[in-house]
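All remarks here apply to the structure that follows.
Heavy atoms only: backbone and side chains are in, while hydrogens, waters and symmetry mates are out. Throughout, a chain's letter reflects where its sequence line sits, starting with A, and its residues are numbered from 1.
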Amino acid sequence: MATSASATLSKAVKQQYMELSQGDKVQAMYIWIDGTGEGLRCKTRTLDFEPKSIEDLPEWNFDGSSTYQCEGSNSDMYLIPAAMFRDPFRKDPNKLVLCEVLKYNRKPAETNLRLTCSKVMTMVEDQHPWFGMEQEYTILGTDGHPFGWPSNGFPGPQGPYYCGVGADKAYGRDIVEAHYRACLYAGVDICGTNAEVMPAQWEFQVGPCEGINMGDHLWVARFILHRVCEDFGVVASFDPKPITGNWNGAGCHTNFSTKEMREEGGLKAIEDSIEKLGKRHSYHIRSYDPKGGLDNARRLTGHHETSNINEFSAGVANRGASIRIPRNVGQEKKGYFEDRRPSANCDPYSVTEALIRTCLLNEEGDEPTDY
Amino acid sequence: MATSASSKLNKAVKQQYMNLPQGDKAQAMYIWIDGSGEGLRCKTRTLDSEPKTIEDLPEWNFDGSSTYQSEGSNSDMFLIPAAMFRDPFRKDPNKLVLCEVLKYNRKPAETNLRQTCKQIMSMVENNHPWFGMEQEYTLLSTDGHPFGWPSNGFPGPQGPYYCGVGADKAYGRDIVEAHYRACLYAGVDICGTNAEVMPAQWEFQVGPCEGINMGDHLWVARFILHRVCEDFGVVVSFDPKPISGNWNGAGCHTNFSTKEMREDGGLKIIEESIERLAKRHRYHIRAYDPKGGLDNARRLTGHHETSSIDEFSAGVANRGASIRIPRSVGQDKKGYFEDRRPSANCDPYIVTEALVRTCLLKEEGEEPTDHSK
């Protein structure tokens, strides 16, 4: 069984240590996105007080030459605290601190997509943009094979697994349950979970979040998932097509609305947005995975409830389209729409920013406007 | 999975015994450094009441012929309590007591480097020397192979592990978490942790500590780590190059500052100190591991974010140099500097002493000055 060696260490022993009092000291775990744009890194520092808000947390730095982010000869990079959550692993008063990364010259690191996202979100504050992202993922053993699958083979074909129950249908529910509770404790806006179409594949949803919070909450939810899986001795993969062939890929469907769309007659604003999106397909595809579309090319085939990467399409209740308008939204003539194109390993800052730029700032063409 | 037999003993059974009240009695675990200069030893005595300060703890002794420290015919050695901490294993009111070792004639044992360090530190009290040491270490299974590595092979190459998260990136985090909490409870000034570049390698930082406290806190933090690993059934190694080839070594980068360096314009003092260090490279190399430089020779190659052992270099934000000035210090023109040369198995007493001798007492040449004359 391919769970990690760490998972065999005695948790009872660990628990005894974790119950020791820590006096006034507080542990703050700083989290950041590394040079791949997908990987998360973390390190911890002791504080002499419990931080009450993000302003209480000092700047820090790290060795960017060890995270694919710079050369060894000039490797200091800055960590700027951006969002703080309760720590579900070390518990109160300890904190998780999501950070932005700056280069040595204080400019944003290449994979720091939060800085621009934050600026764009500020520009459209009055429209109250809400997002909900449906994060799909696959659980793997440490051997890289999906968790629970026969070690040198495949389970029965897809069909019985989606929202399934039973040991022959649901692989790894413990991880899902633990992750859900950990997110609730931490203060992440997790709004649901379900088993997905491929066995060992699951989904959780985060939202509704306004503006920059979407990216913050989703990245922290991902970090919590990695840590929970680490504790169980398995691995979470956000690869968009982990198994080739007749097996579903993993996406991050993004639901979007503005105040206008949510109000009476909002369907018109929704349809206007979809028209704008229809004219900017390749800009969005470039924003919807960390490799400018190459990752999604393995997933968006037009099969397995995806649209084809080369074509833009939209429709009510259509899961084979790029954009799906939920049926009830079509009926009530207001609500939100779902962009089904983002890959499971997308950067939510980049995704939410692209939607704002095209739908609210009315940008056109292949490049984002420099404000 | 090569964890120890002890780790499989029933911890629930143990917990029942540990819950028994102990009345007024207190257990004091005396800890000392053995003849290797790296190994730690410990034994416990019962006291009739909880000691409140170090002065409440009596002197003791032990059999030095069993710790590579003396001959059997004249083996009594003295344990002199030096620093007291809360015991995170037995919990309050029990104590951990770090001790100095004296020979039968009450002179310091060969590996008692604390006594001289303390004298040197008292000479420069007014400079308020602060230290922060970054202790790297590797977790091994009882078979000697790094913990979590495939039993007859190697993991994927370095890159994803530094500060990593996930079962395929971080090997043995439970130990790190337990150690952090145990140190906080004990009163050790642990200020952070992170996963290191090689899988199963980790780092914790202790500081800022003034003067003699640096050595005391780091030795106790190491003892706590050994005990935590023992409880989990794995082994901690402070060897500076546990796996040869394209795998990082383990160091103990030492950050240093004085009151003057921390104040406005302190960068000038930092640069003067670095100039003095440059002229005394071999003396420091001899002081920075327990084998006079032989251990570090396996680690300081000029690769894997180390400087070469034969050359002294310094630079801002340069991790390939002997001394690194953090970028923020270069900008603020004050602060501290980082000596990246000490080995993971260094004795912090002699490392901190060497820095004070060269930078504050302005010593020169290959030998330390005898200030008792």
Within 6.0 angstrom of A:Asp24 CG, more than 12 heavy atoms from elsewhere: no
Greatest number of heavy atom pairs closer than 4.5 Å to chain B - which of A:Ser10, A:Ala28, A:Cys42: A:Cys42
Flag, side chain of A:Glu230 to backbone of B:Gly166, donor-acceptor distance under 3.5 Å: yes
Part of A:Phe62 lying under 4.5 Å from any heavy atom of chain B: both
Contact class of A:Asn94 relative to chain B, heavy atoms under 4.5 angstrom: side chain
Which portion of B:Ile175 sits near chain A, non-hydrogen atoms under 4.5 angstrom: side chain
Region of A:Tyr104 in contact with chain B, defined by heavy-atom distances below 4.5 Å: both
B:Lys91 versus chain A, the contacting section by heavy-atom distance below 4.5 Å: side chain
For chain A, the option from B:Asn194, B:Leu139, B:Leu184 that forms the most heavy-atom pairs under 4.5 Å: B:Leu184
Chain A contacts, top residue of B:Gly233, B:Gly159, B:Gly192, B:Gly164 (heavy-atom pairs, under 4.5 Å): B:Gly159
Contacting moiety of B:Glu196, where chain A heavy atoms sit under 4.5 Å: neither
Structural part of B:Tyr161 lying under 4.5 Å from a heavy atom of chain A: backbone
Basic-acidic side-chain contact under 4.0 Å: B:Arg299, B:Glu136: no
Toward chain B, the part of A:Lys14 with a non-hydrogen atom under 4.5 Å: both
Side chain / backbone / both / neither for B:Pro150 at chain A, heavy atoms under 4.5 Å: neither
Parallel, tilted or perpendicular: rings of A:Phe238 and A:Tyr137 (30°, 60°): perpendicular
Donor-acceptor under 3.5 Å (A:Thr111 side chain, A:Thr36 main chain): no
Contacting region of B:Val165 [heavy-atom separation from chain A under 4.5 Å]: both
Face-on cation placement of A:Arg41 at B:Tyr162 ring, 6.0 Å and 45° thresholds: no
Which atoms of B:Val234 approach chain A - backbone, side chain, both or neither, heavy atom under 4.5 Å: side chain
